[in-house]
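Counting begins at 1 with the first residue of the sequence.
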Amino acid sequence: NGILKPKYDAQQDIYMDMLKELEAAVAQLGSSTTMGAGDIMFQGNMAKWKAWGNSMMLRLAMRLTKADSATAKAWAEKAVAAGTMTSNDHIAMVQHTDGPAGINKNGHGEVWQADGNARMSKTFMDWMSDDPRLTVLAQRTSDGSTAVADLIGMPNGSDGNSVPDNSIYASLNDDLKGVDVPMVFHSYAEVRLLKAEMAFRGWSVPGDAKTHYEAGVKAAMQMLSQLYTNAAAISDAEVATYLAAKPYDAARGWEMISEQYWAATLLNEYESFSNWRRTGYPTLTPTNDPGNVTGGTIPRRLIYPTGEESTNADNFAAAIARQGPNDFTTRVWWDK
């Protein structure tokens with residue numbers, strides 16, 4: 001329409017519109033479709049689409065807990081009442097293949113193929129030291145060993161000077177970093193853990209926090225062998241042993257739920273980062289490399305392109321006045 005200097009939508013308006021769009025979209029879905037295999041997410045299963053729509057509504061609603069708890073509660077309860085995912089068979093994912101011509105490959109796998117220098121974080125590995133997922137998720141880079149004693153995380157902020165040989169540290173297990181493995185957008189484990197948080201907050205949700213927490217942990221552990229062909233299965237007994245050793249503690253409920261959410265979203269970095277900003281868990285220690293632009297703190301957002309300040313000055317200024325400086329440390333609306 002010839003609008004070369006568009007206004008910035010308020011972040012709160014965008015989130016509220018997304019919730020309304022999800023509600024409307026689920027309502028428009030019918031009970032059947034002829035798409036079949038043409039539906040790369042759920043192969044034409046409309047019940048799963050509806051459950052995912054409501055699960056996304058729950059995720060978005062919980063994102064608002066810090067900014068507007070009353071609105072978060074109303075939408076979260078609405079999502080649960082409408083029906084969310086019910087098992088690991090409902091995981092929202094796209095199954096990838098090794099081609100043709102690179103167009104169907106898993107993006108994470110392509111990154112691993114292009115650069116094999118990434119290592120598992122010491123923070124994450126230390127937290128998972130007695131978790132049965134450890135040997136499924138990680139392997140020693142030098143020889144592929146999955147023995148627990150060989151799985152060491154690399155300290156955050158390390159480089160070639162502080163760590164001359166990074167092959168001694170763990171990297172992601174080969175079973176998870178192929179170009180033909182699924183890309184997970186939303187898991188059942190996340191849904192159960194968010195329901196656990198709802199119960200922890202005293203909101204209306206069937207079941208108590210402990211029940212949802214344990215179901216979320218179990219789903220997060222057992223989905224790995226369902227998603228990745230060669231990944232070792234984690235048995236019910238192993239899950240039970242873990243939960244017995246680390247029972248749900250209501251006094252630390254939100255912390256425990258949030259940390260498990262962090263673990264469950266290992267390969268969904270956007271969601272991990274978002275939920276950490278919302279909850280503050282796990283407690284992370286930032287690195288403070290010389291010359292860093294955030295003063296030794298963890299960034300809270302990406303910045304607007306610097307060119308906007310000159311090419312769209314008035315609207316850029318209005319957005320900055322509403323949200324704060326165009327810095328990496330300025331918090332988005334729901335993070336305040």
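Atoms OG and CG, on S142 and D165 in that order, are 8.0 Å from each other to the nearest 0.5 Å. We find the CE-CG distance between M183 and N106 to be 4.0 Å, quoted to the nearest 0.5 Å. Between the CZ atom of R63 and the CG atom of L19 there is a distance of 11.0 Å, given to the nearest 0.5 Å. Rounded to the nearest 0.5 angstrom, Y228 OH and L137 CG are separated by 8.5 Å. The distance from atom CD of Q95 to atom CG of N104, rounded to the nearest 0.5 Å, is 10.5 Å. The distance from the CZ atom of R252 to the CD1 atom of I257 is 11.0 Å, given to the nearest 0.5 Å.
Contact annotation: the side chain of N275 never approaches that of Y281 to less than 4.5 Å [non-hydrogen atoms, C-beta and beyond]. Taking the side chain as every heavy atom from C-beta outward, E214 and Q260 never approach each other to under 4.5 Å. Residues K5 and T311 form no side-chain contact, since every pair of their non-hydrogen atoms from C-beta on lies 4.5 Å or further apart. Counting only heavy atoms from C-beta outward, the side chains of L284 and I298 approach each other to under 4.5 Å. At least one side-chain heavy atom of D39 sits under 4.5 Å from a side-chain heavy atom of W49. By the 4.5 Å heavy-atom criterion applied to side chains, E23 and W75 are counted as neighbours. Residues M57 and M62 form no side-chain contact, since every pair of their non-hydrogen atoms from C-beta on lies 4.5 Å or further apart. Between W112 and S171 the shortest side-chain heavy-atom distance falls below 4.5 Å.
Remark: the T287 side chain and the N156 side chain contain no N/O donor-acceptor pair separated by less than 3.5 Å. A donor and an acceptor atom, one from each side chain of H108 and E269, are located under 3.5 Å apart. For Q222 and N88, the side-chain atoms include no donor-acceptor pair closer than 3.5 Å. No side-chain donor from either of K66 and T279 sits under 3.5 Å from a side-chain acceptor of the other. Side chains of N268 and T265: no donor on one and acceptor on the other come within 3.5 Å.
Take H186 and apply the side chain to side chain contact (heavy atoms under 4.5 Å, CB included) test, not counting sequence neighbours, and it matches W52, S55, M56, R59, M85, A92, E190, V191. For Y242, the ring pair (Phe, Tyr, Trp, His ring centres under 6.0 Å) test picks out no residue, with sequence neighbours left out.
Under the side chain to side chain donor-acceptor pair (under 3.5 Å) test applied with N326, the options E309, R301, E308 reduce to a single match, R301.
Seen from the ring of W254, R201 counts as a face-on cation partner, given the 6.0 Å and 45° thresholds.
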Go through the steps for N292 and D289 under the test side chain to side chain donor-acceptor pair (under 3.5 Å), then give the verdict.
CA-CA 6 Å; N292 76 83; D289 291 337; over 6 Å; no

Could you walk me through whether T135 and T146 satisfy the side chain to side chain donor-acceptor pair (under 3.5 Å) test, starting with their C-alpha distance in whole Å, then the side-chain angles of each, then the deciding distance to 0.1 Å, before giving a yes or no?
CA-CA 5 Å; T135 58; T146 57; 5.7 Å; no

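The pair K210-D208 does not count as a salt bridge, with every side-chain nitrogen at least 4.0 angstrom from each carboxylate oxygen. At a threshold of 4.0 Å, the pair R278-E197 counts as salt-bridged, since one of the basic side-chain nitrogens sits closer than that to a carboxylate oxygen.
For Y304 and Y8, the gap between ring centers is short of 6.0 Å.
Around the CG atom of D314, the shell of radius 6.0 Å holds no more than 12 heavy atoms that belong to other residues, nucleotides or ligands.
Classified by interplanar angle (parallel below 30°, tilted 30° to 60°, perpendicular above 60°), the ring pair W262/W127 is perpendicular.
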